[in-house]
> 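The structure's right below; bear with me while I get my questions together.
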2 protein chains.
Amino acid sequence: MVDVPTLVEQAREGRPRAVARLISLVEGASPQLREVMAALAPLTGNAYVVGLTGSPGVGKSTSTSALVSAYRRAGRRVGVLAVDPSSPFSGGALLGDRVRMGDHASDPGVYIRSMATRGHLGGLAWAAPQAIRVLDAAGCDVVLVETVGVGQSEVEIASQADTSVVLLAPGMGDGIQAAKAGILEIGDVYVVNKADRDGADATARELNHMLGLGEARAPGDWRPPIVKTVAARGEGLDELVEALEKHRAWMDERGVLGERRRARAAREVETIAVTALRERIGDLRGDRRLEALAARITEGTLDPWTAADELVAGVTENG
Amino acid sequence: MVDVPTLVEQAREGRPRAVARLISLVEGASPQLREVMAALAPLTGNAYVVGLTGSPGVGKSTSTSALVSAYRRAGRRVGVLAVDPSSPFSGGALLGDRVRMGDHASDPGVYIRSMATRGHLGGLAWAAPQAIRVLDAAGCDVVLVETVGVGQSEVEIASQADTSVVLLAPGMGDGIQAAKAGILEIGDVYVVNKADRDGADATARELNHMLGLGEARAPGDWRPPIVKTVAARGEGLDELVEALEKHRAWMDERGVLGERRRARAAREVETIAVTALRERIGDLRGDRRLEALAARITEGTLDPWTAADELVAGVTENG
């Protein structure tokens, strides 16, 4: 058993090992998580959470790393959560690009953590908000949530940030890929990275057109900016930070920040509750009730809805 | 209200409009779905369900269409479910590649249906198995489930088929992308499409190596074959059908087919049950209980786990 109060105290003091340990408890869905979250609750709510997403190859890791540098220059403490739903098959190797973050590995004002919780009950949607909570409580001013893939769950995670940044790069046809994955519409700020390459202006124009960014808006509405960067050389990063700060200020003024955070908390709670109920269903699996229902379905003597009724009844009875 | 018994009777007679109507009831999460599924239950269990997945650009639509042709030549009735989690933003345009299936549009032995249920409660994992059930009951001998994206939910859907086909193409670096998405390990049969291009043999070798297909296996274990195709010209499709039939026969002999179907039914029931419980949580959202909890969390006066306990208690009380 972990001594949670001591661990939380150490994390609050900014000790990296304590922070890492707490996130491991989240990833491992530790039975002590409940105790951890109760202890963290009064310490949270300060971090500004920025989601970064985009198709593979647009330079997300490099951009994240450059953004960390920019925030560090401004004296902010930064947490990075790199969310990777890569398979157990491919495992750690694909996290290799994390080494680019090595620049910041020795900086005590930066926490970096990769999460790959594919297959976990409730998955990333469950674990990511709680890991953000740990980084928040540990005193991070900014938490960057970088999603590696472009699937639905990554889009959901990115869209739950205070501010969502969508990255593109010229000439990858990634506009289409991003649109397919449902990424494009979630951006509060857009970045065309690798802007020194041919086609950067065309990509920005295409994006502007696809999103109708040039169209009239109600006064006071947010008009997502498109920032051009060359993250590998740190170019455009100050402009990106400025765009983020503008969005944050706009949200603050309009009460949007509070709304988004309450919505995020509601989803977090809902996910934990659904996971708990799902686990109860899993317990029914243990007593072979589900298998027996499934066998009757494949025989055609029972339909899945009636079977589901039985499961739900089992869960609520056991409540 | 829909006259369900008549609709089911018509679908069973093979009337395409009745089939389409039933799938629409699934997609729309109709309150009558329960009645539909009860009526379909005794009619299901005959279709052989084949999942096709792979990175964008490998030629999934073309391969699916060519596979339909091959099965039609063998006199089989074929259902196609193209699962596309594309966003509301991009919408119908991205389903444009469906027009390639136009070859089969006038063939009464083929049902083609695209599903794009992003944002739906329970999502594709909920809707796809029930749509398969409709096609099965309508007399399809084979149901091809083509997933357009490569996210986790698509991989889950593809992996729930009787047989999962993973498609690759030469020189796209898509081995890495597929591995990231967790696609690679789910294949029962692998296809290297566009095999007339340079690098097809290298792709097959790489795949063979990554998956350890050349390694010794226990006698009687399934060794996933790699089939080379040029789907656009219909080349290699008979070999693909042969590989599928071999896998089916192997599953039948070893009792694996029944196991997989029971597992699929169990997941289907579980998903319906979880969705039902999630809806009850949604009802709590309606009475603003969840919002009130979320507000307290953002204030730091409540932690998400204790909030989730309250939600779960609310759900099980109301049971």
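Letters A, B, ... are given to chains in the order of the sequence lines, protein chains preceding strands, and every chain is numbered from 1.
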> Give, as side chain, backbone, both or neither, the part of B/Ala38 having an atom under 4.5 angstrom from any heavy atom of chain A.
both
> What salt bridge (charged side-chain N to carboxylate O under 4.0 Å, His left out) pairs are there with at least one residue in residues 293-309 of chain A, not counting sequence neighbours?
A/Asp309-B/Arg34
> Under 4.5 Å heavy-atom distance to chain A, tell me which part of B/Leu302 shows up: side chain, backbone, both or neither.
backbone
> Out of A/Gly300, A/Pro304, A/Ala273, A/Ala265, return the one with the most heavy atom pairs under 4.5 angstrom to chain B.
A/Pro304
> Ignoring hydrogens and angles, state whether a donor on the side chain of A/Glu268 or B/Trp305 is under 3.5 Å from an acceptor on the partner side chain.
no
> Do B/Arg133 and A/Ile297 have side chains that approach each other closer than 4.5 Å (heavy atoms only, starting at C-beta)?
yes
> With B/Arg262, which residues qualify under salt bridge (Lys or Arg N to Asp or Glu O under 4.0 Å), at least two apart?
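For B/Arg262, no residue satisfies salt bridge (Lys or Arg N to Asp or Glu O under 4.0 Å) once neighbours in sequence are set aside.
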> Are the side chains of B/Leu277 and A/Val274 in touch, meaning some heavy atoms are under 4.5 Å apart?
no
> For residues B/Ala294 and A/Ala266, report the shortest heavy-atom separation together with the two atoms involved.
CB-N, 3.7 Å
> For the CZ atom of A/Arg267 and the CG atom of B/Leu290, what is their distance to the nearest 0.5 Å?
10.5 Å
> Pick from B/Ala276, B/Pro42, B/Gly258: which one has the most heavy-atom pairs with chain A under 4.5 Å?
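Ranked by heavy-atom pairs under 4.5 Å with chain A, first place is B/Pro42.
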